[in-house]
Protein chains: 2
Amino acid sequence: MNSVKIKRVEKVSPRKKAVKPAPKRAYHHGDLREKLIAATEALIRERGVDGFSLREVARRAGVSPAAPAHHFGDARGLLSEVALLGFQEFGDALAAGDALGGSDPAARLYEQGKAYVNFALKNPARFQLMFSNGKCDPAYKNLDEISNRSFRVLEKAIRAAMGLTGSDEMPPDGYGYLMAVWSCVHGFAHLALGGQFDGPAQMRGMKGEISKTILPLMLAHLPEPPAQKTL
Amino acid sequence: MNSVKIKRVEKVSPRKKAVKPAPKRAYHHGDLREKLIAATEALIRERGVDGFSLREVARRAGVSPAAPAHHFGDARGLLSEVALLGFQEFGDALAAGDALGGSDPAARLYEQGKAYVNFALKNPARFQLMFSNGKCDPAYKNLDEISNRSFRVLEKAIRAAMGLTGSDEMPPDGYGYLMAVWSCVHGFAHLALGGQFDGPAQMRGMKGEISKTILPLMLAHLPEPPAQKTL
DNA sequence: CTATTTATCTGGACAGTGTCAAGATTAGGT
DNA sequence: ACCTAATCTTGACACTGTCCAGATAAATAG
């Protein structure tokens with residue numbers, strides 16, 4: 001049925017036919033796959049994740065409604081691919097932030113947090129798609145692997161912050177702290193995108209200032225391994 | 001195929017209709033509104049928020065697809081009402097947690113956080129609906145007011161934690177801290193519901209243990225006004 | 001260079017969706 | 001008892017995602 005051929009064929013335009021760059025729009029037009037992805041990203045940017053429609057995407061790509069099925073299995077397949085690409089950029093953004101932090105573990109986490117929120121605020125639809133339930137197929141191609149890559153960037157910085165070297169096991173407290181930091185950053189992004197911070201006027205001005213208020217507040221008690229065993 | 005006509009052969013209603021609790025199934029059956037709400041809650045619990053369908057709800061209530069429109073305007077109206085009721089329970093749960101904390105501000109926030117996450121984990125679909133974008137009409141009846149009620153429960157505890165009395169203005173730092181706490185708790189709930197903590201085995205065991213790890217971690221530096229201006 | 005296989009894409013169909021307008025039915029107030 | 005307003009049905013319309021049989025083009029043989 002929908003056996004989506006996941007053939008790993010590298011047919012990514014090494015060369016192009018010298019002629020005919022334009023007018024023939026009949027049947028195969030070569031870059032449908034990319035065009036569909038671009039159309040999807042544009043569509044959800046305009047109308048939100050729920051405003052997505054396979055047919056509308058096909059329409060924008062100038063193609064029949066059944067065409068996308070040959071590239072991605074079904075609608076969820078297309079959305080999963082878009083999410084995957086999102087996670088790719090997302091992971092890169094986190095890694096770039098991490099690099100900005102230099103050798104100071106706290107700074108690394110700080111910059112990663114900034115990058116996390118910035119990505120979400122600048123790509124609302126994509127971010128919501130990436131962390132949505134049900135819209136993507138969790139078993140899609142290497143979605144799981146790519147999204148885990150982002151996670152590992154954070155994990156690595158946490159490990160550094162806790163003074164762990166290469167191969168020691170992460171202690172439970174470490175994961176607890178990881179979850180705390182992740183939760184806070186992610187929650188901020190999610191609430192901000194949901195317009196939940198638009199009520200009190202004093203909050204509104206703070207949305208762009210996460211770097212100056214929330215993050216330091218979170219990271220204030222970071223560097224030392226949280227082994228205080230409070231309560 | 002399965003166009004199962006839900007014919008109501010129950011036309012036994014004989015003569016006397018004096019008693020009100022006697023349910024007759026023809027046309028007006030009195031409690032359609034409540035039945036639609038209940039059906040919606042059950043449906044999204046079973047199939048997730050995206051699995052919602054107005055027609056399916058109508059079907060379950062034994063009523064025509066156009067019937068709900070007379071009670072709630074459209075599909076979003078029904079979902080908004082369900083979200084509103086969710087926020088009602090939610091606010092109560094937060095308030096109950098707050099009360100559990102007694103007179104200790106830190107304990108109040110701690111219990112509220114526990115209540116927040118517990119509500120989300122026990123009512124995943126409802127929680128996701130409440131904090132979804134686009135599924136509800138933000139201008140619905142008093143949705144805004146009710147949801148703000150929950151917010152005010154948190155705000156009050158934050159104020160207490162910062163030693164503010166009745167009518168003083170909340171300082172910007174206060175809102176910053178409120179957002180931090182809210183973000184962390186909310187983010188945890190959202191990530192947990194998204195299955196994001198199901199990767200590393202050491203995390204999985206922690207989902208139920210937020211009360212023992214994450215929350216204290218967040219609240220460790222709570223009581224004093226966060227004016228340290230770090231970094 | 002021709003023939004055949006394989007990858008793409010179309011067109012039409014089907015079941016499902018939300019919503020609207022017109023009409024049937026009933027409840028309630030005067 | 002009438003009349004009005006609320007409630008619900010019926011049928012329609014424009015959508016949606018997905019499947020199927022075929023058309024078309026490109027790739028790969030032979």
Side-chain angles (χ1 to χ4, degrees), chain A residues 1-17 19-20 23-36 39-40 43 47 49-80 134-135 137, chain B residues 1-8 11 13 17-20 22-36 39-40 43 47 49-80 134-135 137:
Chain A
M1 337 299 211
N2 52 3
S3 54
V4 196
K5 293 288 215 167
I6 326 178
K7 216 89 79 94
R8 196 74 204 99
V9 242
E10 277 313 315
K11 48 170 52 183
V12 193
S13 72
R15 87 176 65 256
K16 206 70 156 122
K17 284 303 176 50
V19 287
K20 281 220 175 281
K24 246 345 191 176
R25 275 287 176 276
Y27 270 83
H28 310 48
H29 54 115
D31 56 344
L32 215 206
R33 207 190 135 89
E34 275 72 27
K35 199 169 267 182
L36 288 171
T40 299
L43 181 55
R47 307 191 188 171
V49 182
D50 289 318
F52 168 81
S53 144
L54 221 219
R55 284 184 116 104
E56 173 66 17
V57 165
R59 217 170 284 134
R60 292 185 179 202
V63 104
S64 98
H70 296 266
H71 291 271
F72 321 91
D74 54 354
R76 274 167 45 122
L78 175 49
L79 287 176
S80 301
K135 302 220 173 280
D137 178 11
Chain B
M1 184 185 296
N2 48 3
S3 60
V4 191
K5 274 296 209 179
I6 313 197
K7 209 98 68 126
R8 42 206 87 72
K11 47 169 56 182
S13 81
K17 62 235 190 155
V19 265
K20 180 165 207 177
K24 36 191 71 58
R25 291 286 181 273
Y27 266 83
H28 309 49
H29 55 117
D31 56 344
L32 214 206
R33 208 190 134 87
E34 275 73 28
K35 199 170 266 182
L36 288 171
T40 299
L43 181 55
R47 307 190 188 171
V49 182
D50 289 318
F52 168 82
S53 143
L54 219 218
R55 283 184 117 103
E56 173 66 17
V57 165
R59 218 171 284 136
R60 293 185 179 201
V63 103
S64 98
H70 296 266
H71 291 271
F72 320 91
D74 54 353
R76 274 166 45 122
L78 174 50
L79 287 176
S80 300
K135 302 220 174 279
D137 178 11

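L54(A) has its CG atom 13 Å from the C1' atom of dC19(D), to the nearest Å. In this structure, CZ of F72(B) is placed 16 Å from C1' of dG18(C), rounded to the nearest angstrom. Across the protein-nucleic acid pair, F52(A) atom CZ and dT18(D) atom C1' stand 13 Å apart, rounded to whole Å. Rounded to whole Å, atom P of dT16(D) lies 10 Å from atom CG of L43(A). Rounded to an integer number of Å, the gap from CG of D31(B) to P of dA27(C) is 14 Å. In this structure, E56(A) places its CD atom 22 Å from P of dT17(C), rounding to the nearest Å. Between D137(B) atom CG and dT19(C) atom P the separation is 12 Å, expressed in whole Å. Separating the CG atom of L78(B) from the C1' atom of dT17(C) is a distance of 15 Å, rounded to the nearest angstrom.
Neither OP1 nor OP2 of dC15(D) sits under 4.0 Å from any side-chain N or O of S53(A). The side chain of H71(B) contributes an N or O atom lying less than 4.0 Å from OP1 or OP2 of dC8(D). Contact annotation: R59(A) side-chain N/O to dC15(D) OP1/OP2 distance is not under 4.0 Å.
Of all heavy-atom pairs spanning S64(A) and A58(A), the tightest one is O-CB, 3.7 Å. Across A39(B) and R60(B), no two heavy atoms sit closer than the pair CB-CB, 4.3 Å. Here the closest heavy-atom approach between residue F52(A) and residue A75(A) is recorded as CE2-CB, 4.1 Å. Between P65(B) and L54(B) the shortest heavy-atom distance is O-CD1, 4.1 Å. Taking each heavy atom of S53(A) and L43(A) in turn, the nearest pair found is N-CD2, 3.6 Å.
For H70(B), the side-chain atoms get nearest to dT9(D) when compared with the rest of dT18(D), dT9(D), dT10(C). Listed nucleotides dT18(D), dT8(C), dT7(D) differ in distance to R55(A); the shortest reach to its side chain belongs to dT18(D). Considering only the side chain of A66(A), dC20(D) comes nearest among dC20(D), dC8(D), dT10(D). Of all nucleotides listed (dC8(D), dT10(D), dT18(D)), dT18(D) comes nearest to the side chain of D74(A).
At the heavy-atom level, S64(A) lies under 4.0 Å from base atoms of the strands shown.
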